[in-house]
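Structure first, then comments.
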Amino acid sequence: MKFEVVVELKEEVLDTQGRAIQQTLQRLGHEPLSAVKVSKRFVLDIAGEDEALASALVKTVASAHLANPVAETFTFRRL
Amino acid sequence: MKFEVVVELKEEVLDTQGRAIQQTLQRLGHEPLSAVKVSKRFVLDIAGEDEALASALVKTVASAHLANPVAETFTFRRL
Amino acid sequence: MDRISSVGSPRIGLVQFPGSNCDADCIDAFKRLFGIELLLLWHQEEALPPIDGLILPGGFSYGDYLRGGALASCSKIMPAIKAFAGKGGSILGICNGFQILTESHLLPGILLRNAQQNFVCKNVDLAVAPGNSGYHSRLQGRVYRVPIAHGEGRYHIDQDTLKKMEDRGQILFQYADDSGLPNESANPNGSQSQIAGVLSENGRILGMMPHPERASDPLLGSEDGRAILGAFLATVL
Amino acid sequence: MQKELLQQYEKLKTLKRAGFLAEEADSFQPLLKKHKINKDEYKTLRSIVERAPTLAELGVFSAMWSEHCSYKSSKIHLRKLPTTGPQVVVGPGENAGVVRLSGKLCAAFKMESHNHPSYIEPYQGAATGVGGILRDVFCMGARPVANLNSLRFGQRKHPRTHYLFANVVKGVGDYGNCVGIPTVAGSVSFDKTYDGNILVNAMTVGLIHEDRIFKGYASGLHNLVVYVGSATGRDGIHGASMASDSFSTQASGERSTVQVGDPFAEKLLLEATLEVLERELVVGLQDMGAAGLTSSSFEMADRAGNGLYLNLDYVPSRAAHMSAYELLLSESQERMLMCVEPSKWSDLQACLKRWELPFAIIGLVTDSGRMQIVKDNILEVDVPVAPLAESAPRYERPYVLPKPAPQEDRRLRDLLKSMPPIEVLAAVLFEDGDKQRIYRQYDHHIGSKTVLGPEQQGAGLLWLRSEWAEPNEAAYLGLAVATACNERYCAQNPALGAAHAVLHCYRSIAATGAEALAVTDCLNFGNPEDPIVMGQFVASIDGIGEACRELNTPVVSGNVSLYNQTDQVSIAPTPMIGMVGKHKDVRHALPAVATKPGPLYLLRPRKQTHSLGASLVSKVLLGEAGTEGIPAIHWQSEREAAAYLQRQAERGDLLAARDVGAGGILTALVKMVLHLENFGLSAHLAEGLSLEEASLAYFGECSATYILQAKPGTDLSKELVASDLLELVPIGSVHTGPALQVDGHELSHLRLQQSAAASLSI
Ligand SMILES: Nc1ncnc2c1ncn2[C@@H]1O[C@H](COP(=O)(O)OP(=O)(O)O)[C@@H](O)[C@H]1O
Ligand SMILES: [Mg+2]
């Protein structure tokens, strides 16, 4: 079973990478590009048939490891 | 207008990050976690009303700058 | 916490994670500067031997492939380290060691990718922030020149916690100009409030991005690390 | 496991063989062409195999006989290099060369190119280049202590340059930083000759005990062959032949799977390998570099004069359904092949487990003298080992030696006559951009040995503190390292230019107060089938040979990278040189920048000449090399200047020293204080000369010339060099405060630093 986990910086944390990309691309002539946010995406493969169980595992892994609650939030969904 | 661009390593390219994460988490006791793939996700904000134009811009930016065609592929969609 | 032995030099452990690479520098610095042989602890041990203090060295544990320190923070030895911290044990985390401490919530905050996006290696000047910890009282009154070498050193914490930390004197080091003024233009990585090193509430756990173990001899550019490592040793004496 | 393999081996004769290639088929010639096996080579192949080869065998021959692995075009010329000397412990032929520093303490070092992969995928190409050269050094048992890198990019305004530069630097940095090896020196330049073919040359230096140098063989009948490290994927298949491929801009879209570097895996492999060698757990060990499992297994077997039986079913693989061909030729990174006695297997296994490395027994040493490789119960490869290596093709390619004929060139001189020197200076100073953009991204302190790093602007210098050194030298012994090549000189005059590359390293090592010991090289050239390119190659070898003989710095290792060309245009000859030296007392290490006030001197030949041919100022103002000659070399002067520096450094009279190179004397002088906010200088170099004469003295390039800074209060002129060849001229002093004055010209810091900032955008 495949799940997608997306880990994003919290709103209030400055996304310096996104800003750097946006500025560079705008300088290169892509003016309408007004903002870029960068996030991390993980695709997890979970063995087994039980979706509820798998989904619980994904949640544990995401909240304990893939995202750091100090600066990040995450969402996940089954693919 | 917001677009999501997902940049993934090509299937056959070694995903060093995903492998290290999967191995470590599995060793920690999350046995069913059989694979992890790491990818990058960008949310682009495009000024203007013309969706076709915006979407063309996203495609250009993604193929020329966000993804490296040698090792990566990308997909994008409007959010 | 009482010292393990009241005679002789303190027993200091150093944890080696897969990918630690500043372990040799720490071993070398403690030997040359203080005549102390560090006890090497493998990341897979589940119990700590009797020790007075603990060092988490720099490097790229597990390649830092998730976030710096994130994977190491769940290695086998961590519960024992947390227990040691809980008993008031002294811990020094340098660079990746600092990241491991924040990732395992032994220190507040997180270390994000440097604001300018690149790895940065240079000497920085460190000012000592206000505070009353043992570290503060030993180190205050001068500027320390110490190298940094990291790609994820931008300290971040929410405003409320930052305020509390400042009030409690948990900020130890700030990036400063050479006159000792914390200064945004001297900030190499975009850290909040130019923070380079922070303490736990009890003042016994120090995490810092700069490498005091490399500033171990004037021939290497600076010997200012001696005072900082010495202040760590003082917390166990 | 051994028993099982032995049983399999017994039954080998009963196995089905993979199909032999049909030589009459239409597809056969194209197949040979794709494998770069020509008619004569195929004839040899056939006489070795004694039948038509299987596909896997053809792949094996193609890889082993590629330019990259066999040095077929270069070998006969490489033999002319001097390779011996009392300091040499291991010369060319092994994974890395080894020289003695002091007592039992030796340095192992080598340089290698990763040009083509870095052009295609700059980040991974550069990263895996660093990984490869690290493995070459640590698989001899040496612990790497320093990395260097020499980078050559196209013109700064070329559209691809920024992308290539940013990613190559990041790739080099990320890999070395993560493994934890300091990058202490390097070189960089931007020139249109590299627009379509950049150079990424990486060098590693390691320390090793003389009695523990490991040269691994697959010896001992029925010993086990063990695969260690990352699983095999379809990465860089044909890498070895691609490295010998030339580019066409058209084909740059068509690519095999890129090799991805995993520095974390490398760090584990490094620690495990050094532990395995230290504990003598293996009889043989070889990293899987170019042509992967093929070259490592053949080399290991060939050196022992043995055969091997390998069963590819046991090779850890990352992708499904990999063929024998792919498994044999994949260049997946961070892998080693080891050969172990069965009695040590459990210890080896425990060690590898501790370092969390994947491993598998994949075969046995046999006495057949043949390489016999099985997959899925099919005998895929069955060829004799020794003949394959011995009959590797050797080419004496036709060549035309270059005949440089310098002539006076008024164009540059006229320009210089009409331009204020300060404007020329700004352009020259920042031609290669601010090098901080590079070295800030490289950890240059890790290891706590770096006494002189890139911030000190000259050669790197490490403080070794090794108990293996002679007791009276051990405390402050230093290892100096440098790399250089002036491609403009080499384009103009390949032989003299190559000699200058050696000299440049020699001088920057001498400027730290160290003594040069030995050389590694990385010979980057165009298409050897072009007699002109081959002539450049031959001339360069002559130049390096002469320089190394004159300077007593034998060549102990090296690498050849040919076919550096795009659309039939070859790059300028670029014989990159790496050098190591020994510093007796790092307390007297001399940086190439000022750190305190003190008087300045020029150490120079009594008969000094200044050359403008192929100079930096010519490139900057004229946009080309011009037709004048490059500086001549006078070996005795060079040796005396270096010896003088060592002597004065040892006496503790000097604060800093800098060799004068590209950009001439004024450029070198200003660079000594340029990055310092608190120091300036006042000097007189060419007072009373006409503008043209002065500009020539400022920017003309010369030999055997250094700028020295003495301790305040020391008057160096009192102990003037007692030499008929050299003289020492006081030229001014470094002082506190920002003022920067030369011959009455005010060269304000601000102005220069602004240009530095401007140069940030490449
Ligand atoms: N690619 C590189 N990697 C690491 N260090 C470099 C690199 N290029 C230049 N440097 C360092 O920058 C400093 C100045 O470079 P150099 O080529 O000697 O310039 P200069 O022309 O000023 O003598 C040296 O210490 C050199 O080692
Ligand atoms: Mg130089």
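Computed from heavy atoms alone, side chains included, the values below leave out hydrogens, waters and symmetry copies. Chain letters run A, B, ... following the sequence lines, proteins first and then strands; every chain starts at 1.
When Ile21(B), Leu28(B), Val43(B), Val38(B) are compared by the number of non-hydrogen pairs under 4.5 Å with chain A, Val43(B) comes out ahead. With chain A as the partner, the residue from Lys37(B), Lys2(B), Met1(B) showing the most heavy-atom pairs under 4.5 Å is Lys37(B). Of the listed residues (Ala47(A), Gly48(A), Ala54(A)), the one with the most heavy-atom contacts under 4.5 Å to chain B is Ala47(A).
The side chain to side chain contact (heavy atoms under 4.5 Å, CB included) test applied to Arg77(A) returns Glu4(A), Leu79(A), not counting sequence neighbours.
Val6(A) touches chain B through its side chain: at least one heavy atom from C-beta onward sits under 4.5 Å away, while N, CA, C and O do not. In this structure, chain B has no heavy atom under 4.5 Å from any part of Leu53(A). When heavy atoms are compared at a cutoff of 4.5 Å, Val61(A) approaches chain B solely by way of its side chain, counted from C-beta outward. Contacts of Glu8(A) with chain B are made by side-chain atoms alone, with heavy-atom separations under 4.5 Å and no backbone atom involved. Proximity to chain B (any heavy atom under 4.5 Å) is shown, for Leu33(A), by both the backbone and the side chain.
Separation of atoms CG (Leu57(A)) and CD (Glu31(B)) is listed at 10.0 Å; rounding is to 0.5 Å. Expressed to the nearest 0.5 Å, how far CD of Gln22(A) lies from CZ of Phe42(B) amounts to 13.5 Å. Annotation: the span from His30(B) atom NE2 to His65(A) atom NE2 amounts to 4.0 Å, rounded to 0.5 Å. Once rounded to the nearest 0.5 Å, the distance linking OG1 of Thr60(A) with CG of Leu25(B) reads 11.0 Å.
Atom NZ of Lys59(A) is surrounded by 12 or fewer heavy atoms from other residues, nucleotides or ligands within 6.0 Å. Other residues, nucleotides and ligands contribute over 12 non-hydrogen atoms within 6.0 Å of the CD atom of Glu12(A).
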